[in-house]
Undergrad: 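Sharing a structure below in structure tokens format, with a few things to ask.
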There are 2 protein chains.
Amino acid sequence: MGRKREFDVDQALEAALCVFWRKGYEGASYTDLTQAAGVERPALYSAFGNKEALFRQALARYYEHYLDYFPEALKQPTSREVVADILRASAELYTRYPDRKGCLGIHGALAGSDDAEPVRRALIDARAIGEASLCDRLERAKQEGDLPETANCADLAAFVMTVLHGMAVQARDGFSRETLEAVARQALSVWPSGRSTPSGASS
Amino acid sequence: MGRKREFDVDQALEAALCVFWRKGYEGASYTDLTQAAGVERPALYSAFGNKEALFRQALARYYEHYLDYFPEALKQPTSREVVADILRASAELYTRYPDRKGCLGIHGALAGSDDAEPVRRALIDARAIGEASLCDRLERAKQEGDLPETANCADLAAFVMTVLHGMAVQARDGFSRETLEAVARQALSVWPSGRSTPSGASS
DNA sequence: TTAATTTCGTAATGGTTATTACGATAACGA
DNA sequence: TCGTTATCGTAATAACCATTACGAAATTAA
């Protein structure tokens with residue numbers, strides 16, 4: 001019973017997500033969020049909790065609705081295709097929306113006041129999970145002979161994630177999708193392929 | 001004439017620089033800055049102007065005192081050594097101070113409220129200048145036969161800067177210098193060298 | 001229709017923000 | 001020693017921040 005909600009919760013969360021994506025956790029004021037959601041302040045609070053809880057739900061939605069290509073790419077048959085997919089899709093996502101370029105996982109909270117530490121940590125953890133899943137996939141590739149035995153999968157995964165994070169910064173700086181794709185190609189051009197050519201591996 | 005200053009201006013600027021490095025432009029409150037500098041609020045204002053002016057001076061100092069290796073690296077004889085120097089020195093700088101890992105040029109202001117837009121732009125411009133100077137150096141390398149004629153210097157410079165920016169993020173995430181150096185090696189392993197082996201160039 | 005329950009919008013709360021007014025203090029030239 | 005000038009620290013200002021008290025409105029069960 002009781003009065004029924006007059007706004008769409010999912011739609012409000014998406015609006016908040018976009019604001020956080022653009023301004024980051026601390027840069028987004030509750031006024032920004034309520035205006036974007038078209039909802040009064042207490043309504044947002046009752047639906048999502050406080051600002052940090054709202055951000056965490058927005059982050060979860062981001063991973064589900066925007067970063068879904070990442071776990072999908074891990075299913076590619078070869079490690080090279082996995083990485084190529086991830087790089088290409090990221091270049092596209094980071095430049096897709098002119099009003100919020102880059103990546104919420106990066107721009108959400110890189111630096112900030114001490115109050116934002118929990119949120120910063122949440123983002124770090126999320127990034128670490130992504131990197132670990134990539135690392136696991138590369139380990140599998142090594143077992144399958146898709147990567148040379150000398151390959152250091154942790155370092156390779158760190159390299160790919162580094163390029164991803166850098167691309168998010170460059171996207172925010174105004175770089176075009178084409179330029180980011182050129183960066184991705186360059187990053188991929190040294191990818192070690194198969195046991196037959198164990199060249200250029202790290203370590 | 002008049003009363004003489006009781007604090008060292010350069011020392012106060014350095015203290016402010018460290019706070020901005022750690023918390024970013026908006027994350028650093030004036031209380032943080034004055035406490036770090038050991039100086040009362042009006043003293044900071046009279047010495048540097050408002051918060052934005054203080055940040056800009058801190059940024060200038062950062063480029064002079066911390067990023068001085070960058071223009072220095074451009075003097076290396078080959079493009080490969082140039083890039084290797086930049087990558088290695090950045091990995092070291094980004095992990096040198098445990099209390100402020102990463103790079104002020106990145107963490108200073110990536111995302112934030114609309115008020116911080118001028119500062120964000122200043123950082124973008126600073127990054128663009130660095131990238132342009134690297135691009136120029138690579139063009140020279142191409143003319144000297146140090147890079148294949150098919151090399152796209154703008155894309156290569158963008159790639160190097162992307163890795164740098166990503167390394168700054170990873171450093172803040174807690175990555176060790178060793179891991180960042182492995183990332184740097186991986187990035188360098190695809191570097192095109194000389195006209196004799198025009199492989200792996202972009203475009 | 002009445003009672004119970006939930007959401008609604010208005011408007012307030014307490015804390016923090018960047019920025020200064022102001023009187024006291026100190027240094028220098030005359 | 002006096003007057004000028006610059007810096008000092010205290011304490012105030014006005015705007016914004018996240019969060020919520022509260023009463024009106026609306027929905028359902030009885």
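Residue numbering restarts at 1 for every chain, and letters A, B, ... go by the order of the sequence lines.
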Undergrad: State which residues pass ring pair (Phe, Tyr, Trp, His ring centres under 6.0 Å) with B:F55; sequence neighbours excluded, sorted by chain then number.
TA: B:F20, B:Y25
Undergrad: Between A:K23 (NZ) and D:dC17 (C1'), how many Å, whole number?
TA: 14 Å
Undergrad: By salt bridge (charged side-chain N to carboxylate O under 4.0 Å, His left out), which residues pair with A:R80, not counting sequence neighbours?
TA: none
Undergrad: Quick one: list whatever passes salt bridge (charged side-chain N to carboxylate O under 4.0 Å, His left out) with B:E117, sequence neighbours left out.
TA: B:R120
Undergrad: Between atom CD in B:Q35 and atom C1' in C:dT16, what is the gap in whole Å?
TA: 13 Å
Undergrad: Residues two or more places apart in sequence or in another chain: which of them pass salt bridge (charged side-chain N to carboxylate O under 4.0 Å, His left out) with A:K4?
TA: none
Undergrad: According to side chain to side chain donor-acceptor pair (under 3.5 Å), does anything in residues 121-131 of chain A pair up with another residue at least two apart or in another chain? List the pairs.
TA: A:R127-B:D173
Undergrad: Please write out each protein N/O paired with an N/O of nucleotides 18-21 of chain D under 3.5 Å, distance rounded to 0.1 Å.
TA:
{"residue": "D:dA18", "atom": "OP1", "partner": "A:A28", "partner atom": "O", "Å": "3.4"}
{"residue": "D:dA18", "atom": "OP1", "partner": "A:Y30", "partner atom": "N", "Å": "3.2"}
{"residue": "D:dA18", "atom": "OP1", "partner": "A:K51", "partner atom": "NZ", "Å": "2.9"}
{"residue": "D:dA18", "atom": "OP2", "partner": "A:Y30", "partner atom": "N", "Å": "2.7"}
{"residue": "D:dT19", "atom": "OP2", "partner": "A:Y45", "partner atom": "OH", "Å": "2.9"}
{"residue": "D:dT19", "atom": "OP2", "partner": "A:K51", "partner atom": "N", "Å": "3.0"}
{"residue": "D:dT19", "atom": "O5'", "partner": "A:Y45", "partner atom": "OH", "Å": "3.2"}
{"residue": "D:dT19", "atom": "O4", "partner": "A:R41", "partner atom": "NE", "Å": "3.0"}

Undergrad: Sequence neighbours left out, what passes salt bridge (charged side-chain N to carboxylate O under 4.0 Å, His left out) with A:E92? Give chain and number order.
TA: A:R96
Undergrad: What I'd like to find out is whether the side chain of A:W21 reaches to under 4.5 Å of the side chain of A:D99, using heavy atoms alone.
TA: no
Undergrad: Figure out the CZ/P separation between B:R5 and C:dC28, and round it to whole Å.
TA: 15 Å
Undergrad: What string of B, S and - do you get for nucleotides 23-30 of chain D, 5' to 3', when a contact is any protein heavy atom under 4.0 Å?
TA: --BBBS--
Undergrad: Once ring pair (Phe, Tyr, Trp, His ring centres under 6.0 Å) is applied, do any residues pair with B:Y45, and if so which ones, sequence neighbours excluded?
TA: B:Y30
